[in-house]
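Have a look at the structure below before the remarks.
The figures here come from the full heavy-atom set of this structure, side chains too, leaving out hydrogens, waters and symmetry mates.
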Amino acid sequence: MIKLPWLRSRKRLIVQAIINSFIFLSVYFLRFEDNVFFENKFEIFLFLFVWIIISYILGLLSTSLERLYVRNFNILQLLRDLFKNLISYFLVGSLYIIYFYLFKSFNEIKNIQNFFCFLLIVSTLSFFFRLLFKYIFSLYSPRKESWLLIADEEIFSTLKSEIEINKIDFIDLTFKTPKNISNLNLNFFNGFIISDSNLLDENLIKKLKKKFIKGIPIFKIENWCEYVLNRYPVMFLNKNFENNYFIKNINSNYMFRIKRIGDLIFGIILFIFCIPIFIIVTILIKLEDNGKVFYFQTRNGIFEKKINLIKFRTMKENAEKDSGPIWSKRNDKRITKVGKFLRLTRIDELPQLLLVIKGEMSLIGPRPERPEIDNDLKIKIPFYSERFNFKPGLSGWAQVNYPYGSSLKDSEVKLSYDLFYIRNFSLLLDFLILFKTLKLVFNAKGALPNS
């Protein structure tokens, strides 16, 4: 059985994508099937896929309860969604024009007009259906899931704080120690979390087995974090975690060979596509302070092999001459004006495509860190060395789920995402991270430190 715990928390996104697909196909087959702007089923599903992906990148499809259960829907939010809807409309229309002139006759201009009319109806219906869902859900408070944590108070407090990091507001967590659970009514709970199964007595185990047979989920605490938080907080992992879970002899796995081929192909395509951006950025950096365009830095690669990371320079020259290697902070005075924009859009990372092509990095994987910082974090954070078992990436699960790290706690949280990625690596998860990265870049989010 294939485990896709990251897919579980995205059921709402899938439902919204299915509804949008139904709108798209219904409008086409009921109203526009006689038109010839789609000549075959391949073109129909190609542009359906393009529309869904662009809608996701723009934030028109949501994975969170927070976005669906809107209580204070205001005109600003309405205008923002309408604007994104218009951008989606013009982007898909523009791609169709490019496709049309590449593969169809110049004399069929009417087909373009029909397509834009079709797309306008689809986008409008999608927009109003989204408003309808928001209105319906705003009438009701979101249903909370009640979970019972069988643990001590310290573990309960820690897990509560980890839930807050993920900004999950639909979990109502209660805790009881194994000694104080005998007279508790277990019918009230949607699921159970166990910190240590060795602490359970025989009577409690029988009760939990009856719940499990009835379909009530029962998780060990690290597995619950995997399925709900989509990460592994290190404080809940035991000594056997590495031996039980982490990938050995990764080069023998066919998925890693496919991943390498994908890195090479997409890396070359992206690099060629980005050449005009590289030229513009070079000019802007030179115009600001006439300093060096690129910044080279030693980072740890797979198995701690040193790699020479290349980035567009975003800080003043010799910014770390006196301070040495330190994390960047919000409103860091060392960052140049052009550098601030490059970091916000993550354009400063694009030269690393050369390392992806070379094979020292991957498009997706844990972000490489400086050896000085890694050496410190290996001492302070358990299981930190496990991230070296995977080739570092241009983007990663931690980068698309958590903002720029600038503290020990941030590094610990980001490691929990990296461990999840290593444990659940698949090509499908890589594609999800790729799309989430595009979404973050477009919305200019997650590139700045918390503090």
Side-chain angles (χ1 to χ4, degrees), residues 1-11 13-14 63-64 147 155 158-168 171 191 193-195 217 219-248 250 253 255-256 259 302 361-369 374 377-378 381-405 408-437 439-440 446:
M1 181 178 178
I2 299 175
K3 291 177 61 180
L4 299 173
W6 50 270
L7 202 58
R8 179 179 178 271
S9 61
R10 289 163 178 80
K11 290 184 291 187
L13 184 148
I14 295 171
T63 61
S64 65
W147 286 81
I155 292 177
T158 304
L159 185 57
K160 284 279 284 186
S161 67
E162 294 300 316
I163 293 173
E164 289 170 2
I165 290 173
N166 278 60
K167 298 180 180 178
I168 294 176
I171 296 292
I193 310 167
I194 301 170
S195 65
F219 287 106
K220 290 185 69 175
I221 193 166
E222 64 267 25
N223 298 122
W224 187 86
C225 291
E226 176 187 29
Y227 278 90
V228 178
L229 304 184
N230 286 173
R231 59 190 182 89
Y232 286 114
V234 293
M235 68 286 296
F236 299 134
L237 305 181
N238 58 40
K239 298 177 186 177
N240 297 322
F241 188 74
E242 175 187 351
N243 296 329
N244 291 339
Y245 287 104
F246 284 100
I247 302 167
K248 305 296 180 183
I250 60 175
N253 192 307
M255 284 199 297
F256 288 90
K259 181 180 173 71
I302 188 169
M361 288 181 63
S362 176
L363 287 174
I364 306 298
R367 282 295 295 160
E369 189 52 85
D374 274 339
L377 295 178
K378 280 192 295 184
I381 304 177
F383 302 101
Y384 187 83
S385 295
E386 295 307 318
R387 67 197 309 275
F388 301 129
N389 291 333
F390 217 90
K391 191 180 291 185
L394 199 60
S395 183
W397 189 239
Q399 281 63 48
V400 298
N401 284 289
Y402 196 76
Y404 187 97
L408 179 62
K409 180 59 180 177
D410 288 338
S411 296
E412 190 176 287
V413 174
K414 299 198 94 164
L415 175 64
S416 70
Y417 284 108
D418 287 335
L419 296 181
F420 176 91
Y421 173 76
I422 295 171
R423 169 68 182 90
N424 293 281
F425 162 71
S426 69
L427 299 177
L428 191 58
L429 180 55
D430 272 13
F431 275 111
L432 173 66
I433 295 170
L434 178 61
F435 292 134
K436 285 178 74 69
T437 302
K439 181 180 178 181
L440 286 175

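- Asn166 is linked by a side chain to side chain donor-acceptor pair (under 3.5 Å) to Arg231, counting only residues two or more places apart in sequence or in another chain.
- Aromatic pair Phe390/Tyr421: ring centres closer than 6.0 Å.
- The shortest side-chain heavy-atom distance between Leu159 and Cys225 falls under the 4.5 Å cut-off.
- A 4.5 Å side-chain heavy-atom check between Leu419 and Glu386 finds at least one atom pair inside the cut-off.
- Residues passing the salt bridge (charged side-chain N to carboxylate O under 4.0 Å, His left out) test with Glu412, sequence neighbours excluded: Lys409.
- The shortest side-chain heavy-atom distance between Ile193 and Asn223 does not fall under the 4.5 Å cut-off.
- Looking at Ile381, Leu377, Asp410 one by one, the single match for side-chain contact (heavy atoms from CB on, under 4.5 Å) with Leu415 turns out to be Ile381.
- Side-chain atoms of Tyr232 and Glu222 form no donor-acceptor pair, as typed in the model, at a separation below 3.5 Å.
- For the pair Ile302/Asn389, no side-chain contact is recorded, criterion being any heavy-atom separation below 4.5 Å from C-beta on.
- Between Tyr384 and Asp374, the side chains place a donor N or O and an acceptor N or O closer than 3.5 Å (distance only, hydrogens not considered).
- Put simply, the side chain of Asn424 does not reach to within 4.5 Å of the side chain of Asn230, judged on heavy atoms.
- Taking a 6.0 Å sphere around NZ of Lys220, one finds it holds 12 or fewer heavy atoms contributed by other residues, nucleotides or ligands.
- Within the 4.5 Å cutoff, the side chain of Leu432 has no heavy atoms near those of the Val400 side chain.
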- Message: side-chain contact (heavy atoms from CB on, under 4.5 Å), that's the test. Do Lys436 and Asn401 meet it? Break it down for me.
- Response: CA-CA 9 Å; Lys436 285 178 74 69; Asn401 284 289; 4.1 Å; yes
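- The side chain to side chain donor-acceptor pair (under 3.5 Å) search around Tyr417 returns none, not counting sequence neighbours.
- Taking a 6.0 Å sphere around CZ of Phe431, one finds it holds 12 or fewer heavy atoms contributed by other residues, nucleotides or ligands.
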